[in-house]
Amino acid sequence: MARRLREALAGSLAGLISILCVCICLALGVRALVSWATEEALIRYAERSALGWAEYLQTEMPDLDELLQGRAPDAQQRVVMYFASAIGDARRFQLYDVAGRLSLSTDADGISMSSGTPALSADRPQDWKRALMGEASVRIQRLMEAPAEEGAVNVSGDPPPVYADVVLPLRDVDGRFKGAAQVTLDMSHTWQAIGSILLRAGAALAGLSALAFLAPALGWQVFRRRAKEAERAMHERAHLDDTTGLANRRGFIDAAAAALAAAPEGADDIVVLVFDVDRFKAFNEQNGRSEGDALLRSVAAALRAVLRAGDPGARIGADEFAAILRTPPEERVETIVARVRERLYSPIWSPAAQMPTLSLGACPLKLADGDVEAALALAEIALYEAKAAQDGGLRVFEPAMAARVERRRHVELAIRDGMKEKRFSLSYQPLVDRRSGATVGFEALMRLNDAEGAPISPAEFIPVAEEIGVIVELGDWAIRTAAAAAVHWPAPLHVSVNLSVRQFDDERLAETVEQVLAEAGLPPARFELEVTESLLIANPDHVERQLAALKKLGVSIAMDDFGTGYSSLAYLWRFGFDRLKLDRSFVQAMSVDPGRARDVIAAIVALGHRLGMSVTAEGIETEAEAEALTELGCDILQGYRYGAPLSDWQLREVLAWGKDADDERMVLPPPDRAAG
Ligand code: C2E
Ligand code: CA
Ligand code: CA
């Protein structure tokens, strides 16, 4: 602000000085012009006037020749001379003979005859020579500037300040040179008159030219100021976000770089923070743009309140904000960012929504070698991790994150290419009945290899598929493929398909399942869907309706991974699942803390049974685990101990083997883990 003011002042000062300089030059120029023109006019005027006098003398005094030869003037001549010097502006006449010797001099004091000196030819040889050639010479002299030679002008009272000294040739009627006259004319009045006329004209001219110059100069000044303002406005607009008034990404990078340059300690204690509003897009869609903008403005205000004076804050994306934080070296970056998060939360206000939540990512500037733009990109990676974790949390960038981002890109590419190139497949893992030891069905598990043939775990690619919005398509494919495969299995073997939360966003889920089963000719009783608890938390009413519709079809619904997330008795009660799948972590826990694990498992099994559900234990790898879980009352057992997931063709072979054995129960060959 102050800098801008200084710049503006300096700009107008420079303008003023240049205008002043031009005015001074103009004034000096006009002055020089006026004095030169005055001089010229005086010379012309004096010449004309002197010529007039010479003519007057010659006509009024026909016997001038005699005077030139040194005769004293007669009475009539004296009168003529007297009048000449008394009435006109001529103050002195001097007559010189053919040789340039002074013959007669007349002024206010009277007429004096001369003895021949001073001689014009000797005193003023230049003027004399011109007279000989028939030309007049004029000298303008100012008394105040250069006192004339003594007695040059001897008029009564003060000598005229300006006089012209004119030397004229005198000729007889035949045009022969007969001498010269020197007339001294008082030019004071003329000088004053011409001077004042010229001065006025000059002043007018100067005024006009000043106007002619000033108008464009002022115009130029105004134009330049406007142009500068426009440029500044454009610069600001290019660096500002209209909605919040904060800087935009470009503005942030510039401001942050400037802040860094001004920081005496360098990048050491500077952290770049990036955060965004969780589910802002959905909020915007539900509440309209103006509510969305209001929320953004409220976040911006909260950010402003948190920032230290002079530290840059910005809106760098639709719902993404950035800021510079200073961290005292003794404090952990996480601590500071967490504190900022708390302070951001308190003032955010939105009339349309419950409290929006934020996800935050940060990166110490020194991790990016002081490059603000690079630090911003790394902080965004951290933000991305915070978002993916869905714990409303914050992450500080660490180098491993970059590798994870790279890996995620790889997975995303594998999914997109895999869908185009039909590289997805399903593997089937047996589910075994505890009591009979017979296989009762298979869980369909999705498989994907990347372009190099390396398998990618569904635990890794399913969340990415959800994120990039292809899970519904993939899930549909899984339902169709599993149903189509299961028809070929001997009844009553069923197939269990995993469902993603996102698939419940699709209103036609039940319809699709119904249609798929009908097309495949698979009885609904041989089809099961596995859902996780996270599904129920997101949108219970909506999901409840969908689950009810699915159950109405006659398919069975299993709750997967029970006991890991927000296990709630209320959910189990409300949704009436057919089966409960105990999470693998409980089975694993048995080898760590057998007593406690057994107690918990027993409680869950009892609960499941009480609510009319059968209980599946998954991830059983050893005989000991199998025995323990059987003992604890689990109904269905699953895990490598009973069989790794098999590809479609492997499974067909196995099933053919089972048939050949003509065994009532479907007992599978020893597990082949490599198949998983
Ligand atoms: P999940 O539904 O809990 O599936 C069981 C996972 O445990 C499978 O991993 C399976 O291969 C693995 N497993 C089975 N027995 C054992 C064992 O004895 N020991 C160990 N360590 N692991 C065992 P997988 O195939 O990698 O799938 C991981 C997760 O990906 C699944 O967990 C499921 O949540 C998801 N998923 C797989 N296929 C699909 C699908 O088609 N749709 C959806 N939405 N999710 C799927
Ligand atoms: Ca499952
Ligand atoms: Ca599971």
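Indexing begins at 1, ligand by ligand and atom by atom, following the structure's order. Keep in mind that this is a model prediction, so the values were computed, not measured.
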- Query: Is there any N or O on Arg641 that sits under 3.5 Å from an N or O of ligand 1?
  - Reply: no
- Note on the structure: With heavy atoms and a 4.0 Å threshold, my read on which part of Lys581 contacts ligand 1 is neither
- Pro458: numbered ligand 1 atoms lying under 4.0 Å from its heavy atoms: 24 (P), 25 (O), 26 (O), 27 (O), 28 (C), 30 (O), 36 (N), 37 (C)
- Query: Would you say Glu625's side chain and Thr622's backbone share a donor-acceptor pair under 3.5 angstrom?
  - Reply: yes
- Within the distance-only criterion (no hydrogens, no angle test), does the side chain of Arg502 pair as donor or acceptor with the backbone N or O of Glu466 below 3.5 angstrom? no
- Message: Main chain of Met401, side chain of Arg395: is a donor-acceptor contact present, judged purely on distance under 3.5 Å?
- Response: no
- Hey, can you tell me if Phe275 and Phe321 have their rings parallel, tilted or perpendicular (30° and 60° cut-offs)? parallel
- Hey, which atoms in ligand 1 end up nearer than 4.0 Å to a heavy atom of Ala459? 28 (C), 30 (O)
- Message: Go through it in stages, so that I can follow the logic: the residues are Arg596 and Asp599, the test is salt bridge (Lys or Arg N to Asp or Glu O under 4.0 Å), and I'd like the CA-CA distance, side-chain angles, deciding distance and then a yes or no.
- Response: CA-CA 5 Å; Arg596 238 175 95 82; Asp599 287 349; over 6 Å; no
- Side chain, backbone, both or neither: which part of Pro645 comes within less than 4.0 Å of ligand 1 when only heavy atoms are counted? side chain
- Salt bridge flag under 4.0 Å for residues Glu412 and Arg409: no
- Note on the structure: A student checking ligand 1 against Ser500 at a 4.0 Å heavy-atom cut-off should list atoms 44 (N)
- Message: Going by salt bridge (Lys or Arg N to Asp or Glu O under 4.0 Å), name the residues that satisfy it together with Glu627, two or more places apart in sequence or in a different chain.
- Response: none
- Message: Using heavy-atom distances only, which candidate in Phe461, Tyr640, Trp477 approaches atom 23 (C) of ligand 1 most closely?
- Response: Tyr640
- Message: I'd like to know if Asp241 pairs up with Arg297 as an ion pair, taking the criterion as any Lys NZ or Arg NE/NH1/NH2 lying under 4.0 Å from an Asp or Glu carboxylate oxygen.
- Response: no
- When you check the gap from the basic side-chain N to the acidic O, do Glu530 and Lys581 get nearer than 4.0 Å? yes
- More than 12 heavy atoms of other groups within 6.0 Å of Glu519 CD: yes
- Task: Record the part of Gln429 in heavy-atom contact with ligand 1 below 4.0 Å; permitted values are side chain, backbone, both and neither.
- Result: side chain
- Task: Mind checking whether Asn498 contacts ligand 1 via backbone (N, CA, C, O), side chain (CB onward), both or neither, at a 4.0 Å heavy-atom cut-off?
- Result: both
- Message: For a distance under 3.0 Å, give residue and atom name for each protein N, O or S atom next to the Ca ion (ligand 2).
- Response: Glu443 OE2, Asn498 OD1, Glu530 OE1, Asp560 OD2
- Salt-bridge contact Arg423-Asp450 (side-chain N to carboxylate O under 4.0 Å): no
- Which one holds for Asp560 and ligand 1: side chain close, backbone close, both close, or neither close, with close meaning a heavy atom under 4.0 Å? side chain
- Decide whether the shortest distance between a heavy atom of Gly475 and an atom of ligand 1 is less than 4.0 Å. no
- Query: Any idea which atoms of ligand 1 are less than 4.0 Å away from a heavy-atom of Asp561?
  - Reply: 3 (O)
- Numbering as shown, the atoms of ligand 1 that approach Leu499 to under 4.0 Å (heavy-atom distance): 44 (N)
- Task: Before accepting this row, confirm whether a basic side-chain N of the pair Asp648/Arg652 lies closer than 4.0 Å to the acidic partner's carboxylate O.
- Result: yes
- Could you tell me whether Glu380 and Arg249 have a side-chain N and a carboxylate O separated by less than 4.0 Å? yes
- Query: Applying a 4.0 Å heavy-atom criterion (strictly less than), which segment of Arg447 is in contact with ligand 1: side chain, backbone, both, or neither?
  - Reply: side chain
- Query: Heavy-atom count around Arg404 CZ within 6.0 Å, excluding the residue itself: above 12?
  - Reply: yes
- Query: Considering distance alone, does some N or O of Met446 sit under 3.5 Å from an N or O of ligand 1?
  - Reply: yes
- Does even one non-hydrogen atom of Glu443 get within less than 4.0 Å of ligand 1? yes
